[in-house]
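Each residue takes its place number in the sequence, starting with 1.
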Amino acid sequence: MNTDADPRPLHLLRTVFGHPAFRGAQEDIVTHVAGGGDALVLMPTGGGKSLCYQLPALLREGTALVVSPLIALMQDQVAALKQLGVRAAFLNSTMDGRAVNACERALRNGELDLLYVAPERLMMPRMLDCLAESNIALFAIDEAHCVSQWGHDFRPEYLQLSVLHEQFPAVPRIALTATADPQTREEIIRRLALDDARVFISSFDRPNIRYTIVDKQDARNQLLRFIREEHAGEAGIVYCLSRKKVDETAAWLVSHGVRALPYHAGMDAESRADHQNRFQREEGVVVVATIAFGMGIDKPDVRFVAHLDLPKSIEGYYQETGRAGRDGVPADAWMTYGLGDVVQQRRMIDHSEGSEEYRRVLVVKLDALLGLCETAGCRRVRLLDYFGEPSTPCGNCDTCLEPPQTWDATEAARKALSCMYRTGQRFGAVHLIDVLRGRATERTAQWGHEQLNVFGIGAGLDEPAWRNVFRQLVALGYAEPDHDAFGALKLTDASRPVLKGEQSVEMRHLQPRKGKAARTRSAALSGLSAAEGGLLDQLKAWRLEQARQQAVPAYVILHDRTLAEIAALRPGDMNALGMVSGIGAKKLERYGAALLELVRT
């Protein structure tokens with residue numbers, strides 16, 4: 001692309017990308033990197049990270065090399081850039097030898113503005129030799145948190161990327177991520193040799209996402225109710241911990257009328273690719289997946305992300321929930337959470353490979369996530385505080401919308417802890433609740449627990465209330481799962497002051513959530529009259545046909561918000577259409593006449 005006529009960032013932003021102005025620190029980052037400086041950029045998903053290296057790529061001489069961890073991300077980014085008239089390409093394992101040779105030749109000849117490549121391929125001697133024979137404008141390292149050995153998405157090949165600084169010291173580098181606590185930031189800087197880089201930290205807040213965490217009672221029916229009441233017919237992602245649960249949940253949702261597809265590493269590659277393509281290119285598909293799905297998914301209109309199992313850390317939770325609402329339109333992060341989740345995660349940590357220090361870090365990260373789940377305060381305040389960002393109550397999470405009540409649970413906690421002690425710290429919550437409530441079963445008789453002085457002392461609370469107590473005892477650190485006895489709970493040192501009556505315990509009440517008013521995408525893109533809504537439907541139908549013809553996701557053609565703006569403004573000529581956000585020069589040239597015809601008719 002020839003940018004010599006007017007290389008100013010704002011001009012390119014308007015004419016190429018169709019955006020009228022920069023957001024946040026974008027302009028400072030672009031100017032710094034285009035001028036040859038290194039940068040570490042922390043910016044939330046949907047905050048415009050890609051522009052921070054795509055614009056400098058067009059402002060600098062040569063080709064920008066973008067290190068990207070997933071094939072799906074590369075292909076979507078390249079398809080979107082080609083729509084804008086940018087000379088972009090990717091190198092990955094899906095290409096045959098002839099296509100690889102052609103791409104490498106284009107790189108050497110200076111015929112590319114951006115080239116996306118996986119870290120494994122980048123480190124191959126052949127690729128490094130090719131770079132040495134080419135004019136490289138900059139290196140962009142996307143998903144830079146993958147370099148952290150303590151992180152949730154660690155990829156060993158990222159550790160080798162410091163070679164770029166050693167072999168190409170004059171080429172600027174920009175590392176980008178949406179997920180990095182202070183410890184991870186330091187690790188990124190150290191491992192990628194970015195000691196002299198400017199660090200740009202945008203707000204981690206995603207104000208359009210509403211965070212909700214509910215007590216797990218009947219998880220699948222809770223999920224179905226949430227989808228039907230708030231996101232019927234809309235795209236979403238449901239995360240489960242195991243492959244078996246993914247398959248079962250997807251099939252169950254389908255049987256209840258939800259267009260759901262499974263996705264996990266145990267499926268064959270063809271099925272995974274087919275399900276991912278359907279999710280990206282069709283309307284209203286729900287993917288049920290393990291965390292193998294999602295990184296690099298550029299779909300902007302995901303209206304909800306749901307977790308049926310507890311993630312491992314706040315970083316993982318933030319990264320996964322961040323896949324909702326990339327278009328800035330209201331979206332939901334919804335999760336069910338129960339004692340079984342805590343026991344399962346602690347057991348996985350205790351049996352994980354790695355050093356004692358590594359396991360300690362995992363426990364600290366899990367405890368921080370439990371604090372988010374159990375807080376009676378604003379979820380967003382707790383979430384942002386983890387990343388070192390002060391904030392005030394948001395008014396857009398479940399604890400703000402329906403503040404939970406707390407109660408003095410000291411007596412209940414002492415009874416529960418005493419029951420654990422009297423039964424030998426060898427049993428899980430189900431049996432302990434039977435003992436506390438005085439419920440005679442085969443097991444209580446077998447172990448002689450009906451003779452204990454704790455048998456029946458908790459009859460005043462029902463079973464859900466006791467489950468809530470045990471869950472919070474573990475979350476608060478008074479009890480912990482015993483990794484040598486599956487599901488068993490044992491006392492911690494912190495429980496002693498409670499048992500001795502020296503310390504009180506406050507807990508959140510178990511309370512059923514009231515149903516919320518449905519907040520669908522059509523309402524979220526609202527303000528449209530019936531006629532404008534009809535035009536929007538026609539614009540979407542036209543876009544879908546274009547996407548099918550070009551074999552790309554619909555949002556690569558134009559985003560929902562761009563179509564909604566066209567429907568609302570009804571531009572009458574090319575100049576007016578060119579002022580719509582998301583309509584750059586190339587898209588105006590390519591689609592302008594068809595869009596204006598739709599508006600006229």
Side-chain angles (χ1 to χ4, degrees), residues 40 42 69 119 123 141 143-163 175 177-195 197 199 201 204 241-242 290-292 295 309-320 337 339-375 382-389 425 473-496:
L40 170 59
L42 288 89
M123 290 299 104
I141 302 168
E143 309 290 353
H145 62 274
C146 292
V147 79
S148 172
Q149 289 182 290
W150 308 116
H152 58 289
D153 280 324
F154 173 58
R155 302 206 170 198
E157 57 270 15
Y158 264 67
L159 296 176
Q160 303 173 45
L161 295 179
S162 58
V163 169
T177 179
T179 316
D181 60 11
Q183 179 187 11
T184 304
R185 293 172 214 166
E186 293 173 10
E187 194 170 357
I188 292 171
I189 291 170
R190 184 176 73 255
R191 292 191 180 279
L192 296 181
L194 288 167
D195 305 85
V199 179
I201 302 177
F204 285 90
L241 202 56
S242 70
T290 58
I291 58 170
M295 186 195 290
D309 295 305
L310 192 69
K312 296 178 181 178
S313 65
I314 286 184
E315 292 101 322
Y317 175 73
Y318 181 83
Q319 181 87 4
E320 289 150 23
Y337 152 73
L339 175 61
D341 294 299
V342 185
V343 172
Q344 187 174 30
Q345 285 292 353
R346 284 300 300 265
R347 183 175 175 80
M348 288 171 64
I349 291 172
D350 290 335
H351 288 86
S352 65
E353 297 179 1
S355 65
E356 187 62 33
E357 180 188 7
Y358 175 69
R359 285 194 289 273
R360 273 200 304 272
V361 170
L362 294 183
V363 169
V364 169
K365 288 179 178 290
L366 177 60
D367 287 345
L369 180 60
L370 296 180
L372 174 69
C373 293
E374 295 295 354
T375 184
R382 193 73 177 247
L383 184 66
L384 296 178
D385 180 66
Y386 181 83
F387 292 108
E389 181 178 339
Q425 304 180 70
L473 283 174
V474 173
L476 294 169
Y478 299 123
E480 65 182 8
D482 185 348
H483 66 268
D484 291 326
F486 182 73
L489 296 176
K490 62 182 182 179
L491 304 174
T492 66
D493 291 341
S495 68
R496 286 176 184 157

Participant: Rounded to the nearest 0.5 Å, what separates atom OG1 in Thr184 from atom CD1 in Ile189?
Facilitator: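 Nearest 0.5 Å value for the OG1-CD1 distance: 11.0 Å.
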Participant: Verify side-chain contact (heavy atoms from CB on, under 4.5 Å) between Leu372 and Tyr386, making sure each step is shown before the conclusion.
Facilitator: CA-CA 9 Å; Leu372 174 69; Tyr386 181 83; over 6 Å; no
Participant: Measure the spacing between CG of Leu489 and CG of Leu473 and express it to the nearest 0.5 Å.
Facilitator: 9.0 Å
Participant: Assess whether salt bridge (charged side-chain N to carboxylate O under 4.0 Å, His left out) is satisfied between Glu356 and Arg359, documenting all intermediate values.
Facilitator: CA-CA 5 Å; Glu356 187 62 33; Arg359 285 194 289 273; 3.2 Å; yes
Participant: So does Tyr478 get a backbone contact from the side chain of Thr492, meaning a donor-acceptor N/O pair under 3.5 Å?
Facilitator: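 Confirmed, Thr492 side chain pairs with Tyr478 backbone.
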Participant: Passes side-chain contact (heavy atoms from CB on, under 4.5 Å), Leu161 versus Met123? Steps please.
Facilitator: CA-CA 8 Å; Leu161 295 179; Met123 290 299 104; 3.8 Å; yes
Participant: To the nearest 0.5 angstrom, please state how far the CD atom of Gln160 sits from the CG atom of Leu192.
Facilitator: 12.0 Å
Participant: Could you verify whether a donor N or O on one side chain and an acceptor N or O on the other, from Tyr337 and Glu374, lie under 3.5 Å apart?
Facilitator: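 A pair is found: one side chain offers a donor N or O, the other an acceptor, under 3.5 Å apart.
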Participant: So do Val474 and Val343 actually touch side chain to side chain, heavy atoms under 4.5 Å?
Facilitator: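 Answer no - side chains too far apart.
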Participant: So how far is it from Gln344 CD to Leu310 CG, rounded to the nearest 0.5 Å?
Facilitator: 9.0 Å
Participant: Step by step, work out the side-chain contact (heavy atoms from CB on, under 4.5 Å) result for Tyr158 and Arg191.
Facilitator: CA-CA 9 Å; Tyr158 264 67; Arg191 292 191 180 279; over 6 Å; no
Participant: As an exercise, state the distance from CG of Leu241 to NZ of Lys312, rounded to the nearest 0.5 Å.
Facilitator: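 One gets 7.5 Å once the value is rounded to the nearest 0.5 Å.
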Participant: Assess the residue pair His145 and Glu143 against the criterion (side-chain contact (heavy atoms from CB on, under 4.5 Å)); give the C-alpha distance rounded to whole Å, side-chain angles, the decisive distance to 0.1 Å, and a yes or no.
Facilitator: CA-CA 5 Å; His145 62 274; Glu143 309 290 353; 3.0 Å; yes
Participant: Could you tell me the separation between the CZ atom of Arg496 and the CG atom of Leu491, rounded to the nearest 0.5 Å?
Facilitator: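 CG of Leu491 is found 9.0 Å from CZ of Arg496.
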Participant: Mind checking what makes ring pair (Phe, Tyr, Trp, His ring centres under 6.0 Å) contact with Phe387, not counting sequence neighbours?
Facilitator: Phe204, Tyr318
Participant: Could you report the tightest heavy-atom contact between Glu187 and Val147, atom names first, then the distance?
Facilitator: OE2-O, 4.0 Å
Participant: Could you report the tightest heavy-atom contact between Ala175 and Ile188, atom names first, then the distance?
Facilitator: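 That closest heavy-atom pairing would be CB-CG2, 4.5 Å.
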Participant: For Gln345 and Leu366, indicate whether the former's side chain and the latter's backbone hold a donor-acceptor pair under 3.5 Å.
Facilitator: no
